[in-house]
Each structure stands twice: as C-alpha cells, then as structure tokens.
Amino acid sequence: MSSLLPADGARLLIDGKLRQGGDGVFETANPATEEVVGLAANADAADMDAAITAARTAFDDTEWSRDHAFRARCLEQLRVALQGEVEALREITVTEAGAPVMLTKGPQLEGPIADLAFAAGLAENYEWETDLGVAEPMGIKTRRTLRREPVGVVGAIIPWNFPHQIGFAKLGPALAAGNTVVLKPAPDTPWCAAAVGAIIAEQTDIPPGVVNIVTSSDHALGARLSVDPRVDLISFTGSTQTGRLVMAAAAPTLKKTFLELGGKSAFIVLDDADIAGAVGVAAFSVCVHAGQGCALTTRLLVPRASYDEAVQVAAATMGRMKPGDPTDPGTVCGPLISRRQRDRVLGYLDTARAEGGRIVVGGGRPEGRERGWFVEPTLIADLPNTATVAREEIFGPVLVIIPHDGDEDAIRIANDSPYGLSGSVWGVDPERIRRVTEGVRTGTLSVNGGIWYSADAPFGGYKQSGIGREMGVAGFEEYLETKLIATAG
Ligand code: NAD
C-alpha cells in the first residue's frame, strides 16, 4: 500500500473530504501478478449524488468560476504537489495499471503532470473577453463584448489504460476554465485516482467541491453522471460502445457531450519509404503497453510488392518483443489490465484463425508466464480489411498486415473503418505524403515518426472515434461557453 493511501482502503474525495464509500470496498489487482494489492472505496448512488451536489454548490456559490488567477495558482500548486509525490504515484501506476515503468517517465505519469503547467497558463493568460467593437444593428448603436465562461459541472469519466494522462487532460483544462468536476475513474484503476484525490485534499488549496473523485466497481455509477440534470457537460474517454450509451443517456437533458473513443488506426508505408525501417517501427509501437492505447496503429498497410518482406520484418520485430514485468525498466510490453481483457484479446485471435488469417508470430499466452494477464505480440497476415480483426478495436498487442496497391488505395483502406482517430504515414516524396495526409480522415497523423502528443496539440477523433478535442487550446475551449453582451450607447 502506498504512503498516499490509508492501509484500510483508498478514499473517495467528496466536498473536500476524504471519505469511505457507501458500498464498502472493492479489490484492486496487479495485472502482472494477478494478486490483489489492496482495497478501494466503493461508492454508492448516495455518494455520487453528494459529489454532484458538492460540485454544483462549488460552481454556483463560490468565486471559483470567476477567479482566474486563483485557479492558475491552484493548478500550479497541484502540479508541484504531484511532482513531489511522483515516486509514490509511479509505484501505484505500475502496480495497478500494469504500465511499464519506462512509460511513467512520459505519457503515463510525468508528461501529464508537467502538462498541468499549460492548463495553469491558460487560466492566467487566456483571452476571456474580446471587444467586438461598436455596430448599429437595427439602427441601435451597440458595443458588443464576447465573454467566455465555464460550462459548469463537468462529469469526467475515464478508462484504465492511461489513467493519469486522461485524468489530467480533463482535470487540467476543466479546472483552468473555471468548472467544477466529478471524476469517475475506471473500476480497474481506482488507486491511481484516489492517490490524486488525497494529494488534492491534503496538499492544495483547491476548494471543497471543486474536484470530487468517486471510485466504484460499478459502471452504472458513471451512467448517473450522464443523466443528472445538475451536470452540464460529460467529458468521456472510453470505448465507442460506451460512448454511444453516454450520448444517449445525456440526450434528455441536452448536456454537452465530449467523447474520446476507440480507434483502428492505419500505419501507411508508401513504396518510396525505407520499408524495413518503417515496418520495424510499426511492429514495435503496437506492442507498447501491450497495445492498450487508443491511438496505436493496429493496421499496417504496405505496398503489395513488399508484402512478404514486410511480414518477415514485422514478425521478427514482434517475436523479439517478449511481454515482461512492468517494473523492469527495459519492458515495453507489459500485461493487459484484466483477465477479462486478456480473454477478449485471445478471443479475437481465435476469430482471426476462424476467418482464415495466418498467425505469423505470437497467437496466445507467452510461455513461462503462468501468472499475469499477458498476451504474446501477435502478427496476423493474409486477411482483408473487411475481416473482424481489421475492423474492430482489439486493445492488445496485435497487428494486422494488409497489402495496398498504391497511395490512393492505401488512403481508401485507411478510411474504410468506422474509426478515425490517428495514423501514420511513411515515405519520402513530400507531395505524395501531403496527398495522403489530406486524404486520411483522422484527428492526428504522424509523418515519418513525428510525435503529435503534447500539451498544446489537440487530440481527438473523426467519425466514431469521438466528438471534440482534448488538449491544446481547442481542448480547453471544449470546457467553455460563449456569452455575448450587447450594450447600447
Ligand atoms: P469503457 O468504455 O468500458 O469504460 C470507460 C469508462 O466508462 C469507465 O470508467 C467505465 O466505468 C465507464 N462506463 C461504463 N459504462 C458506462 C455507462 N453506461 N455510462 C457511463 N460510464 C460508463 O472503456 P475501457 O475498457 O475502460 O477503456 C478502453 C477503451 O477506451 C478503448 O475503446 C479505447 O480506445 C478507449 N480510449 C480512448 C481514448 C481516446 O482519447 N480516444 C483514450 C484511451 C482509451
């Protein structure tokens, strides 16, 4: 048990107080060992109700939404406090999320903590008010002032794969904009959230009710946020399937829904690229965090003439990527989050076989790892883009390799997907690369290994990968309303 959390179980954060859950406790496990590592507070409906009430009151009855400088200071204070506890947070993240410790130096922990500085900067420096000047609509001389204001109470619902990255990418801008938040973490990673709750309560001046963290083993508690009329905006990250439920549940109260959903992104290798180099990168990247990344490129599209070579290179790379202990600094591919998720991935491998796919490497649980929810990095060849494993998000270390017949065909295949989250293009000719990046309909694209992830860069999906953008100024503005004041004279 971490020093941040009490020995008898982690706590909820409601109205500034760390408290036990109305439904007792539930267990949290280490995906690498399958061992229960401790207990988390199990909230009930009354706890969720109290959290929403607290957030509503903090928004309606305090100066939080108006005091930009105070918010900037609180966010900076939170960033420094989190940084001060980074080793305890790292231990929790590796233990509970099965995150390779290597990744906690970047997007699993330290990156998102540092990114809170961007949110704090926006609270301080954003142009909250714009003078649109004087006009005379309908003959009445009028000065128009555009004001940007927080939306209100934000219900933030997050998954388990990058709990801090996704958590802070919502908390940072939502708070910077002046909203109050009820955060509902995934049942698989309650400690990651509870530890942040303890830091907020004990080490920052963030006022009671501004951030509430409600852990629960029950997904239905998240659904309460979507339906409650006191919640003004739902910021959801998770599967497309759940995203649809959230949107439908939010419809009767017409609350704004901001959705970051699944993906089935394509890695396009053009025929003027260094084929082996590009394919090696594609094969490596799909193994990172055991493939549990929404934006990972899980379809590899290679020139038909180079298909056999590409299959060989990808297989050799993935064969070397042995799933390992996430506490080992050399591990890139750790365990999957849960037995359920592991079995789901193995089920997809059976489907690939049943549909005539060739498992070139991997295909099951790694030998010698009887404990832990590990799956071998797996390359699937000889299936068309219409196959189930090429269409559905697997969320495991699984790559499907598909031949293309030139740039236009590669664009067509990349876009032949219900998703549109991310992608990658490798080639030499700038004109061809430009044409491909214009043709592929996704929210982010990497060219020749460029990194799109950073605090000031908006991220999100086209099509069924989501609605809205997270991070960057665009991500911050998702949490704002626009008000126009028209003053005569
Ligand atoms: P999930 O959709 O099962 O759950 C996500 C969250 O929603 C959890 O907190 C869960 O408890 C909650 N939830 C479940 N049912 C709900 C309901 N009816 N109403 C409200 N909340 C509900 O997703 P997961 O399995 O935890 O995470 C993996 C998924 O997340 C993948 O599809 C992945 O692509 C996606 N993801 C997307 C992004 C992105 O930014 N686009 C980032 C990371 C993960």
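In listed order, ligands and their atoms are each counted from 1.
- Using a 4.0 angstrom heavy-atom cutoff, Phe459 counts as in contact with ligand 1.
- Nearest-residue assignment for atom 40 (O) of ligand 1 (options Glu260, Arg244, Met471; heavy-atom criterion): Glu260.
- The shortest heavy-atom distance from Pro185 to ligand 1 is under 4.0 Å.
- Those atoms of ligand 1 that come under 4.0 Å of a heavy atom in Ile166, given as number and element, are 42 (C), 43 (C).
- Counting protein heavy atoms only, atom 5 (C) of ligand 1 is closest to Thr237 O, 3.8 Å.
- Of the N and O atoms on the side chains of Gln292 and Gln341, not one donor lies less than 3.5 Å from an acceptor on the other residue.
- Scanning the protein for heavy atoms near atom 10 (C) of ligand 1, the closest one is His219 ND1, 3.2 Å.
- A donor-acceptor pair shorter than 3.5 Å can be found between the side chains of Glu355 and Thr388.
- The aromatic rings of His289 and Phe162 sit perpendicular, their planes meeting at an angle over 60°, well past the 30° parallel limit.
- Counting only N and O atoms by type, the side chains of Asp218 and Ser216 include no donor and acceptor under 3.5 Å apart.
- Heavy atoms from other residues, nucleotides or ligands lying under 6.0 Å from CZ of Phe284 number 12 at most.
- Protein heavy atom nearest atom 25 (O) of ligand 1, with residue, atom name and distance: Trp160 NE1, 3.2 Å.
- Side chains of Glu392 and Tyr348: a donor on one and an acceptor on the other come within 3.5 Å.
- Geometrically, ligand 1 and Pro187 share no nitrogen or oxygen pair separated by less than 3.5 Å.
- If you look at Asp188 next to ligand 1, there are no close heavy atoms at all, none under 4.0 Å.
- Among all non-hydrogen protein atoms, the one lying nearest atom 15 (N) of ligand 1 is Thr242 CG2, 3.3 Å.
- Without hydrogens or angle criteria, Lys256 side chain to Glu481 main chain gives no donor-acceptor distance under 3.5 Å.
- In terms of protein heavy-atom proximity, atom 37 (C) of ligand 1 is closest to Leu261 O, 3.1 Å.
- Close approach of ligand 1 to Val246 is summarised as follows: ligand atoms under 4.0 Å from at least one heavy atom of the residue are 19 (N), 20 (C).
- Interface of Asn161 with ligand 1, defined as ligand atoms under 4.0 Å from a residue heavy atom, comprises 43 (C), 44 (C).
- Set against the non-hydrogen atoms of Lys184, the atoms of ligand 1 under 4.0 Å away are 8 (C), 9 (O), 10 (C), 11 (O).
- At a cut-off of 3.5 Å, with distance as the only test, no side-chain donor of Lys264 or Ser417 sits close to an acceptor on the other residue.
- In this structure, the side chain of Glu34 engages the main chain of Gly372 through a donor-acceptor pair within 3.5 Å.
- Within the 4.5 Å cutoff, the side chain of Glu91 has no heavy atoms near those of the Thr104 side chain.
- The closest heavy-atom contact to atom 31 (C) of ligand 1, among the options Glu393, Lys264, Arg469, comes from Glu393.
- By the criterion of a heavy-atom distance under 4.0 Å, neither the backbone nor the side chain of Gln341 is placed next to ligand 1.
- Of the protein's heavy atoms, Gly238 O, 3.1 Å lies nearest to atom 35 (C) of ligand 1.
- Salt bridge annotation for Arg56-Asp232: present, with a cationic side-chain nitrogen under 4.0 angstrom from a carboxylate oxygen.
- At a threshold of 4.5 Å between non-hydrogen side-chain atoms, the residues Phe236 and Ser226 do not count as touching.
- Among protein heavy atoms, the minimum distance from atom 28 (C) of ligand 1 is reached at Phe395 CE2, 3.6 Å.
- Contacts with ligand 1 closer than 4.0 Å are made by side-chain heavy atoms of Phe236 only, the backbone lying farther away.
- No hydrogens or angles considered: nothing links the side chains of Tyr453 and Thr444 as a donor-acceptor pair under 3.5 Å.
- Considering backbone and side-chain atoms together, Ser239 places an N or O closer than 3.5 Å to an N or O of ligand 1.
- For ligand 1 and Ile157, the ligand atoms under 4.0 Å from any heavy atom of the residue are 6 (C), 7 (O), 9 (O), 12 (C), 20 (C), 21 (N).
- When hydrogens are left out, the protein atom nearest atom 42 (C) of ligand 1 is Cys294 SG, 2.9 Å; that is the closest non-hydrogen contact.
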